[in-house]
Novice: 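Before I ask anything, let me first share the structure, which is written out below as structure tokens.
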Amino acid sequence: EGFNLLNQGHYNEAIGKFTSAIEINPNFAHAYGLRAIAKDNIKDSDGAIEDKSKCIELEPNNGEGYENRGFSKISAKDYKGAMTDFNMALQINPNSSMAYQGRGMAKTELKYYKGAITDFNIALQINPNSSRAFQGRGFAKTELKDYNGAIDDWNNAIRLDPNNSEAYFGRGFTKGD
């Protein structure tokens with residue numbers, strides 16, 4: 001029932017259902033994870049991070065838990081904490097395109113553009129169809145004034161996801177720079 005509410009966008013009601021499930025079984029990691037998604041959607045980053053931390057406590061060898069918490073930490077502007085989580089995810093699963101993308105995003109926010117590009121390159125080696133990885137790399141290249149490379153990346157992001165409005169904006173911004 002909570003899952004259906006989550007999918008329908010009824011986040012507060014879903015949180016209530018997942019909380020009830022957790023009260024019945026406090027070791028139900030999946031319920032913490034789903035409740036965290038609902039909390040992310042209502043912009044409760046702290047609550048989402050808390051629930052994702054509980055998931056990691058219950059399933060410490062699940063790299064996705066670290067990835068998910070890393071993305072919540074990016075939302076909370078804790079970029080160094082996010083990098084730590086993505087590093088842990090990569091120790092567990094060195095072939096996680098999402099972890100490389102997330103770490104690249106965190107590095108970009110910290111203005112470590114060359115390191116971000118390296119992470120996006122690896123993410124794209126693992127998953128060459130990631131619009132978000134092209135988008136992230138395009139932003140980092142723009143910051144390094146590699147405008148032609150950035151425009152190529154923005155074009156690839158748009159080719160892979162024609163509804164990615166951020167990529168259109170990035171391409172327009174780069175062309176105007």
Side-chain angles (χ1 to χ4, degrees), residues 3 6 18 22 27-41 43-146 149-150 152-161 164 166-167 170 174:
F3 187 73
L6 179 66
F18 295 129
I22 290 165
N27 295 319
F28 188 16
H30 194 62
Y32 285 101
L34 292 171
R35 187 171 73 176
I37 293 169
K39 288 180 177 181
D40 273 331
N41 278 289
K43 308 296 183 214
D44 178 7
S45 295
D46 291 340
I49 290 168
E50 184 179 317
D51 279 353
K52 291 173 184 180
S53 295
K54 185 65 177 180
C55 283
I56 291 167
E57 178 186 320
L58 294 169
E59 297 180 347
N61 295 318
N62 183 346
E64 285 183 25
Y66 290 99
E67 287 175 17
N68 292 335
R69 188 173 69 181
F71 284 110
S72 289
K73 286 183 178 180
I74 287 175
S75 295
K77 299 186 182 341
D78 177 9
Y79 306 120
K80 289 185 178 181
M83 281 183 47
T84 299
D85 279 346
F86 293 123
N87 287 337
M88 287 297 298
L90 289 166
Q91 283 181 13
I92 295 167
N93 180 5
N95 293 314
S96 172
S97 175
M98 290 301 293
Y100 281 108
Q101 285 180 58
R103 192 171 71 179
M105 291 168 62
K107 287 179 179 179
T108 298
E109 293 294 341
L110 292 166
K111 301 186 182 347
Y112 305 154
Y113 301 119
K114 289 182 181 178
I117 289 169
T118 298
D119 281 346
F120 291 124
N121 287 342
I122 297 168
L124 287 163
Q125 286 173 358
I126 296 166
N127 178 6
N129 294 315
S130 172
S131 175
R132 293 290 178 188
F134 278 112
Q135 177 180 323
R137 192 172 72 180
F139 182 83
K141 286 180 177 179
T142 299
E143 291 300 312
L144 292 175
K145 302 191 182 334
D146 174 8
D152 286 344
D153 281 343
W154 294 119
N155 286 336
N156 279 314
I158 292 165
R159 176 181 54 79
L160 291 166
D161 181 4
N164 184 343
E166 293 174 17
T174 300

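Because only heavy atoms are used, hydrogens play no part in the values below, and waters and symmetry mates are left out as well, while side chains stay in. All figures in this text were calculated on a predicted structure; none of them were measured in a lab.
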Novice: Would you name the heavy atoms of Gly70 and Ala82 that are closest together and state the gap between them?
Specialist: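 Heavy-atom minimum between the residues: O-CB, 3.4 Å.
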Novice: Please walk me through it: do Ser45 and Ser72 pass side-chain contact (heavy atoms from CB on, under 4.5 Å)?
Specialist: CA-CA 6 Å; Ser45 295; Ser72 289; 5.5 Å; no
Novice: Is any side-chain N of the basic residue among Asp40 and Lys52 closer than 4.0 Å to the acidic one's carboxylate O?
Specialist: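 Answer for the salt bridge query: yes.
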Novice: For Asn164 and Ile158, what are the C-alpha separation, side-chain angles and deciding distance, and is it a side-chain contact (heavy atoms from CB on, under 4.5 Å)?
Specialist: CA-CA 6 Å; Asn164 184 343; Ile158 292 165; 5.6 Å; no
Novice: Out of curiosity, Asn61 CG to Asn93 CG, how far, rounded to the nearest 0.5 Å?
Specialist: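 Between Asn61 CG and Asn93 CG, I get 12.0 Å after rounding to 0.5 Å.
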Novice: Would you call Glu166-Arg132 a salt bridge at under 4.0 Å N-O?
Specialist: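 Yes, Glu166 and Arg132 are salt-bridged.
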Novice: Please test Phe28 against Phe18 for side-chain contact (heavy atoms from CB on, under 4.5 Å), starting from the C-alpha separation and ending with a verdict.
Specialist: CA-CA 10 Å; Phe28 188 16; Phe18 295 129; over 6 Å; no
Novice: Kindly determine whether Gln135 and Asp153 satisfy side chain to side chain donor-acceptor pair (under 3.5 Å), including the steps that lead there.
Specialist: CA-CA 6 Å; Gln135 177 180 323; Asp153 281 343; over 6 Å; no
Novice: Specify the closest pair of heavy atoms between Phe86 and Glu67, including all atoms of both residues, with the distance to one decimal.
Specialist: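 Closest approach of Phe86 to Glu67, heavy atoms only: CE2-O, 3.4 Å.
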Novice: Quick one, Thr142 with Thr174, criterion side chain to side chain donor-acceptor pair (under 3.5 Å). Give me CA distance, side-chain angles, the key distance, then yes/no.
Specialist: CA-CA 6 Å; Thr142 299; Thr174 300; 2.8 Å; yes
Novice: Calculate, to the nearest 0.5 Å, the distance between atoms CG and CG belonging to Asp119 and Leu124 respectively.
Specialist: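 Reported to 0.5 Å precision, the distance equals 11.0 Å.
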Novice: Side chain of Asn68, backbone of Glu64: donor and acceptor closer than 3.5 Å?
Specialist: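 Yes, Asn68 side chain to Glu64 backbone: donor-acceptor pair under 3.5 Å.
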Novice: What are the two closest non-hydrogen atoms of Ile117 and Ala140, and how far apart are they?
Specialist: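 Residues Ile117 and Ala140, closest heavy atoms: CG1-CB, 3.6 Å.
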Novice: Taking the side chain as C-beta and beyond, is there a heavy-atom pair between Phe120 and Thr108 under 4.5 Å?
Specialist: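 Yes, their side chains come closer than 4.5 Å.
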Novice: Drop me the distance from Tyr66's OH to Cys55's SG, to the nearest 0.5 angstrom.
Specialist: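 Those atoms lie 11.5 Å apart.
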Novice: Could you go step by step and tell me if Lys114 and Thr118 meet the side-chain contact (heavy atoms from CB on, under 4.5 Å) rule?
Specialist: CA-CA 6 Å; Lys114 289 182 181 178; Thr118 298; 5.7 Å; no
Novice: When rounded to the nearest 0.5 angstrom, what is the spacing between CG in Asp78 and CE in Met83?
Specialist: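 Rounded to the nearest 0.5 Å, the CG-CE separation comes to 11.0 Å.
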Novice: Heavy atoms, side chains only, cut-off 4.5 Å: are Asp46 and Glu50 in contact?
Specialist: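 No, too far: nothing below the 4.5 Å cut-off.
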Novice: Between Phe71 and Met105, what is the shortest heavy-atom contact and its length?
Specialist: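 Heavy atoms only, the tightest pair is CE2-SD, 3.7 Å.
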Novice: List the atom of Tyr100, the atom of Ala123, and the distance in Å for their closest heavy-atom pair.
Specialist: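 Heavy atoms only, the tightest pair is CB-CB, 3.8 Å.
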Novice: So how far is it from Ile56 CD1 to Arg69 CZ, rounded to the nearest 0.5 Å?
Specialist: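 Taking CD1 in Ile56 and CZ in Arg69, the distance rounds to 3.5 Å.
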Novice: Would you find a donor on one side and an acceptor on the other, under 3.5 Å apart, between the side chain of Asn41 and the backbone of Ile37?
Specialist: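 A pair under 3.5 Å: yes.
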Novice: Which pair of non-hydrogen atoms, one from Ser96 and one from Leu90, has the smallest distance, and what is that distance?
Specialist: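 Heavy atoms of Ser96 and Leu90 come nearest at O-CD2, 3.9 Å.
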Novice: Hey, could you give me the CD/CD1 distance between Gln101 and Ile126, rounded to the nearest 0.5 Å?
Specialist: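 Between Gln101 CD and Ile126 CD1, I get 9.0 Å after rounding to 0.5 Å.
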